[in-house]
K.L.:
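My questions will all concern the structure given below.
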Amino acid sequence: AVKVLYDSSNYSQMDADSFDIVLGGQTSASFGTDTSIGPTGGNHVLIDSDGVKIKNSSTTFLSASAGGMYTSGHIHASHGTIGGFVIGGSTITGGSLSLNSAGSISLGNFSVDTSGNVTARGSSHVFDGNIAAPTLAATGSGYIGGFSIGTDTLTSTNVGIGKSGQ
């Protein structure tokens, strides 16, 4: 081994498998099969055959390898892509689907706003189950229980209700 000594706590050393830099008695960097940058007792980067890790002592906060990227903390991004979805400043979009950080969701002609209001535009919608609403406004045309909805009428064979109470 070759050692360049400043003092007993601060030196560099090269041996058969690595080149090490020791500062204040701690290995600050080690370059070899496993490479570490920063004191291994604190925040440091470890590069080895498994990938790259950002660590604090023995706790890994971020690791990246051929198998993917993993973190134990939060991911903050204002742009980029994940699985075909585009990350914007306040939205994540993919195709006609959009999720907004304010809480709204839209998918083509369908949307839900932050108050829970649902909008579905188009010529036909199928709901499987019950629809419960304190107010139901149906204008234009359609059917409810065999009755035809008109602008001002609700009619069936020989029965009808009109705007003027007919």
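Just so it is clear, the model here is predicted, and its values are computed rather than measured. Count residues from 1 along the sequence.
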K.L.:
Among the clusters formed by ILVMFWY side chains lying less than 4.5 Å apart, do Ile75 and Ile54 turn up in the same one?
P.N.:
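Different clusters.
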K.L.:
Name all residues meeting the side chain to side chain donor-acceptor pair (under 3.5 Å) criterion together with Thr27; count only those two or more places apart in sequence or in a different chain, and write none if there are none.
P.N.:
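For Thr27, no residue satisfies side chain to side chain donor-acceptor pair (under 3.5 Å) once neighbours in sequence are set aside.
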K.L.:
With sequence neighbours excluded, tell me which residues meet side chain to side chain donor-acceptor pair (under 3.5 Å) with Asp48.
P.N.:
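Scan of Asp48 (side chain to side chain donor-acceptor pair (under 3.5 Å), adjacent residues dropped) gives Lys53.
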K.L.:
State plainly whether one hydrophobic cluster holds both Tyr6 and Val4, where clusters connect Ile, Leu, Val, Met, Phe, Trp and Tyr through side-chain heavy atoms under 4.5 angstrom apart.
P.N.:
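The answer is no; the residues belong to distinct hydrophobic clusters.
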K.L.:
Apply the hydrophobic cluster definition, ILVMFWY joined by side-chain contacts under 4.5 Å directly or through others, and give me every member besides Leu5.
P.N.:
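Members other than Leu5 - counting any ILVMFWY side chain reachable under 4.5 Å - are Tyr11, Val22.
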K.L.:
Applying side chain to side chain donor-acceptor pair (under 3.5 Å), which residue pairs with at least one partner in residues 67-88 are found, sequence neighbours left out?
P.N.:
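Sorted result for residues 67-88: empty, none.
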K.L.:
With sequence neighbours left out, what residues match Asn130 under side-chain contact (heavy atoms from CB on, under 4.5 Å)?
P.N.:
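Once residues adjacent in sequence are excluded, Asn130 has no partner under the side-chain contact (heavy atoms from CB on, under 4.5 Å) criterion.
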K.L.:
Assess, by modelled atom type and distance only, whether the side chains of Ser30 and Asp20 contain a donor and an acceptor separated by less than 3.5 Å.
P.N.:
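Indeed, the side chains of Ser30 and Asp20 share at least one donor-acceptor pair under 3.5 Å.
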K.L.:
I need the Phe147 CZ to Thr157 OG1 distance, nearest 0.5 Å.
P.N.:
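Output value for this atom pair is 9.0 Å.
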K.L.:
Atom CD of Gln26 and atom CD1 of Ile21: how far apart are they, to the nearest 0.5 Å?
P.N.:
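Nearest 0.5 Å value for the CD-CD1 distance: 14.0 Å.
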K.L.:
Hey, what else clusters with Val112 if you join Ile, Leu, Val, Met, Phe, Trp, Tyr whenever side-chain heavy atoms sit under 4.5 Å?
P.N.:
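In the cluster with Val112 are Phe110, Val118.
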K.L.:
To the nearest 0.5 Å, how far apart are OH in Tyr143 and OG1 in Thr155?
P.N.:
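Rounded to the nearest 0.5 Å, the OH-OG1 separation comes to 8.5 Å.
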K.L.:
Can you sort out the partners of Ser9 under side-chain contact (heavy atoms from CB on, under 4.5 Å), two or more places apart, ordered by chain and number?
P.N.:
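For Ser9 the side-chain contact (heavy atoms from CB on, under 4.5 Å) partners, ignoring immediate neighbours, are Asp7.
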K.L.:
Check which hydrophobic residues are tied to Ile87 through side-chain heavy-atom contacts below 4.5 Å, counting indirect links as well, and list them.
P.N.:
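Members besides Ile87, by chain and number: Ile82.
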K.L.:
How does the hydrophobic cluster around Ile92 look, that is, which other residues are in it when side-chain heavy atoms under 4.5 Å mark a link?
P.N.:
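Members other than Ile92 - counting any ILVMFWY side chain reachable under 4.5 Å - are Phe85, Leu97, Leu99, Ile105, Leu107.
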K.L.:
Quick one: does any side-chain atom of Asn100 pair with a main-chain N or O of Ser104 as donor and acceptor, under 3.5 Å?
P.N.:
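The answer is no, because no donor-acceptor pair under 3.5 Å joins these two groups.
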K.L.:
Over all heavy atoms of both residues, which pair between Ser36 and His44 is shortest? Give the atoms and the distance, please.
P.N.:
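Smallest interatomic distance, heavy atoms only, reads CB-CD2, 4.5 Å.
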K.L.:
Output all residues satisfying side chain to side chain donor-acceptor pair (under 3.5 Å) with Asp152, sequence neighbours left out; order by chain, then residue number.
P.N.:
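For Asp152, no residue satisfies side chain to side chain donor-acceptor pair (under 3.5 Å) once neighbours in sequence are set aside.
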K.L.:
Determine whether more than 12 heavy atoms belonging to other residues, nucleotides or ligands lie under 6.0 Å from atom CZ of Phe31.
P.N.:
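Yes, the 6.0 Å shell around CZ holds more than 12 heavy atoms from other groups.
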K.L.:
If every non-hydrogen atom of Ala1 is compared with every non-hydrogen atom of Asp15, which pair is closest and at what distance?
P.N.:
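Nearest heavy atoms, Ala1 then Asp15: CB-CB, 4.0 Å.
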K.L.:
Using distance only, find each side-chain donor-acceptor pair of residues 55-69 under 3.5 Å and give its atom names and separation, not counting sequence neighbours.
P.N.:
unit_1	atom_1	unit_2	atom_2	d
Asn56	ND2	Asn43	OD1	3.2
Ser65	OG	Gly67	N	3.1

K.L.:
Identify, with sequence neighbours excluded, every residue that meets side chain to side chain donor-acceptor pair (under 3.5 Å) alongside Asp34.
P.N.:
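Here no residue qualifies.
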K.L.:
Quick check for you: to the nearest 0.5 Å, what is the distance between Asp113 atom CG and Ser106 atom OG?
P.N.:
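Result: 11.0 Å between the selected atoms.
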